[in-house]
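For reference, positions follow the sequence shown, starting with 1. Just the heavy atoms: all of them, side chains too, but no hydrogens, waters or symmetry mates, feed the values below.
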Amino acid sequence: MAGNSFGQAFRITTAGESHGPGNVVIIDGVPAGLPLTVDDLRVDLERRRPGQSKIVTQRKEPDEPEILSGVFEGRTTGTSLAILIRNTDQRSRDYSDIKDLYRPGHADYSFDAKYGVRDYRGGGRSSARETSVRVAAGVVAKKLIEQEFGGKVVAYVCQVGDVKANVEAPEKVTLEQVEKRPDGEPNIVRCPDLEAADRMIALIDECRKAGDSIGGAAEIVATGIPAGLGEPVFDKIKADLAKALFSLPAVLGVEYGIGFGCVGMRGSEHNDVFTTDAERGEIRTETNRHGGMLGGITTGMPIVLRAAVKPTSSLPKEQKTVRKSGEEATIRTKGRHDPCVLPRFVPMAEAMVAIVLADHWLRWRGQCGTLTAARSNEAAGQ
């Protein structure tokens with residue numbers, strides 16, 4: 001099975017299934033000397049783990065990480081970094097009755113079509129359980145980009161069903177606003193617009209009680225990103241970001257900047273006018289309809305992306321399907337499933353965006369870093 005690795009200079013490789021012993025990630029390209037402990041990993045894993053509130057799956061996984069290699073005395077060694085997260089609360093018996101049935105919205109049929117054999121317990125390799133180790137790798141990537149250039153990645157839920165959040169300045173949303181309400185209580189839907197958040201929670205709960213699910217969208221914002229990351233043709237940073245987000249389960253659409261809003265605009269309306277930031281002495285744009293990327297390369301403006309996430313496919317409601325033999329049947333999925341994926345999707349999306357940024361930063365530094373620094377010094381008369 002190919003396609004288990006992602007990235008070039010900062011490269012992750014994952015292995016594991018939803019009902020196997022656990023999931024593991026090997027990260028290559030991590031520079032030596034980066035501070036890293038298990039406690040660092042726990043923060044985002046806690047945000048992703050199941051069972052954290054009434055509006056997510058009630059599967060109880062502690063998602064306790066184990067660092068197997070690549071760290072000594074609290075710092076990375078520059079060698080391969082390996083992180084393991086064991087599965088502890090599988091209920092494989094929930095799937096024994098449907099092992100020969102194709103679940104609507106799942107990869108059961110496509111796996112059989114490709115391999116001729118599949119692990120019918122949960123989603124197997126395509127399960128969202130695999131994203132636990134991606135989130136762990138994302139923690140490493142976040143630490144790297146923050147240390148190297150002050151980069152930050154914050155995601156939040158911007159829509160559930162027909163409930164849309166009103167977020168006027170995405171680049172100003174903080175992790176604290178996403179995770180906590182003003183009274184200190186958890187923001188369980190991870191939407192910074194609290195009025196919309198309350199309506200989202202009510203809608204998710206309504207779907208859960210009806211044995212149904214609901215889709216939505218998340219917005220991901222990267223700030224502090226220097227201009228110049230990315231490539232102009234096949235490895236455009238927007239293309240790698242899209243691939244990263246599309247590689248996550250349940251993602252059906254990705255856009256950046258103004259996205260599909262551009263289709264009804266004229267060029268004179270859409271173009272972002274360049275200007276100079278007097279305080280910083282940096283070239284910027286007055287608006288950011290381009291979402292921080294032009295020609296596949298970052299401009300120094302905030303990178304703003306949105307991902308559309310489908311409703312959870314596993315439902316306790318009876319649905320029509322067929323058996324592996326082709327015989328018509330009905331199916332009702334047992335088990336514990338998210339009525340809405342979005343609250344737990346947020347740290348997954350952050351992780352994948354951070355991994356892309358870490359990768360492109362290391363690639364830029366290897367290709368252009370010394371030369372660019374020399375040119376900057378020459379221009380400054382040094």
Side-chain angles (χ1 to χ4, degrees), residues 18-19 47-61 89-91 94-95 97-98 101-111 120-132 135 155-165 186-191 193 196-220 245-254 306-322 329-349:
S18 59
H19 285 244
R47 299 170 66 211
R48 194 219 72 95
R49 72 169 179 83
Q52 60 186 271
S53 77
K54 68 177 182 179
I55 60 171
V56 303
T57 174
Q58 295 306 296
R59 179 170 171 169
K60 299 295 184 183
E61 295 281 2
D89 189 32
Q90 310 99 307
R91 288 187 188 171
D94 288 343
Y95 297 90
D97 293 341
I98 61 171
L101 295 170
Y102 289 139
R103 295 169 296 169
H106 283 276
D108 301 341
Y109 171 71
S110 54
F111 261 61
Y120 62 82
R121 304 166 303 168
R125 185 67 179 132
S126 61
S127 169
R129 270 308 288 163
E130 179 268 345
T131 64
S132 61
V135 169
Y156 52 85
V157 177
C158 61
Q159 183 171 349
V160 171
D162 60 358
V163 180
K164 295 183 179 181
N187 185 358
I188 62 173
V189 78
R190 295 197 165 93
C191 173
D193 179 348
D198 289 339
R199 291 192 289 132
M200 289 175 181
I201 293 169
L203 177 56
I204 294 170
D205 208 34
E206 176 187 326
C207 292
R208 178 184 64 81
K209 292 175 180 177
D212 215 332
S213 61
I214 190 75
E219 192 156 61
I220 311 101
L245 290 171
F246 270 123
S247 75
L248 290 167
V251 174
L252 294 192
V254 175
R306 284 170 298 281
V309 180
K310 71 177 183 178
T312 311
S313 299
S314 295
L315 301 175
K317 284 189 169 186
E318 188 171 86
Q319 299 178 85
K320 291 171 58 179
T321 189
V322 298
T330 59
I331 187 171
R332 182 182 286 109
T333 306
K334 298 178 183 178
R336 300 151 295 172
H337 307 285
D338 293 274
C340 180
V341 176
L342 269 302
R344 297 175 59 224
F345 177 80
V346 163
M348 303 176 200

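Between R332 and K317, the closest side-chain pair of non-hydrogen atoms is not below 4.5 Å. Between F345 and V251 the shortest side-chain heavy-atom distance falls below 4.5 Å. You'll find the side chain of L315 reaches within 4.5 Å of the side chain of S213, heavy atoms only. Within the 4.5 Å cutoff, the side chain of L203 has heavy atoms near those of the I214 side chain. No side-chain heavy atom of R190 sits less than 4.5 Å from a side-chain heavy atom of L342. Put simply, the side chain of T312 does not reach to within 4.5 Å of the side chain of C340, judged on heavy atoms. The side-chain heavy atoms of V135 and M348, taken from C-beta on, include a pair separated by under 4.5 Å. Residues H19 and R129 fail the side-chain proximity criterion, which asks for heavy atoms closer than 4.5 Å.
Residue L248 holds its CG atom at 8.5 Å from CD of E130, rounded to the nearest 0.5 Å. Atoms CG and OH, from D108 and Y102 in turn, are 8.0 Å apart once rounded to the nearest 0.5 Å. R199 CZ to I204 CD1: the interatomic distance, rounded to the nearest 0.5 Å, is 12.5 Å.
The minimum heavy-atom distance linking P104 with K320 is given by the pair CG-O, 3.7 Å. Minimum heavy-atom separation, T330 to L101: O-CD1, 3.9 Å. When every heavy atom of P316 is checked against every heavy atom of G211, the shortest pair comes out as CD-O, 3.3 Å. Contact record, V157 with V189: CG2-O, 3.1 Å, taken as the closest heavy-atom pair. Contact record, C158 with E219: SG-N, 3.9 Å, taken as the closest heavy-atom pair. Minimum heavy-atom separation, F246 to G253: CE2-N, 3.6 Å.
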Check the pair L245, I220 against side-chain contact (heavy atoms from CB on, under 4.5 Å), reporting the backbone distance first and the verdict last.
CA-CA 10 Å; L245 290 171; I220 311 101; 4.1 Å; yes

Under the criterion side-chain contact (heavy atoms from CB on, under 4.5 Å), I'd like the reasoning laid out for S132 against R48: C-alpha separation, chi angles, the key distance, then a yes or no.
CA-CA 7 Å; S132 61; R48 194 219 72 95; 3.7 Å; yes

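Heavy atoms of other residues, nucleotides or ligands lying less than 6.0 angstrom from NZ of K310 number more than 12.
Neither side chain, S313 nor R103, offers a donor N or O lying under 3.5 Å from an acceptor on the other.
The main-chain N or O of C191 is found under 3.5 Å from a side-chain atom of N187 such that the two form a donor-acceptor pair. Side chain of Q319 to main chain of T321: no donor-acceptor pair is present (N/O by atom type, distance under 3.5 Å, no hydrogens or angles).
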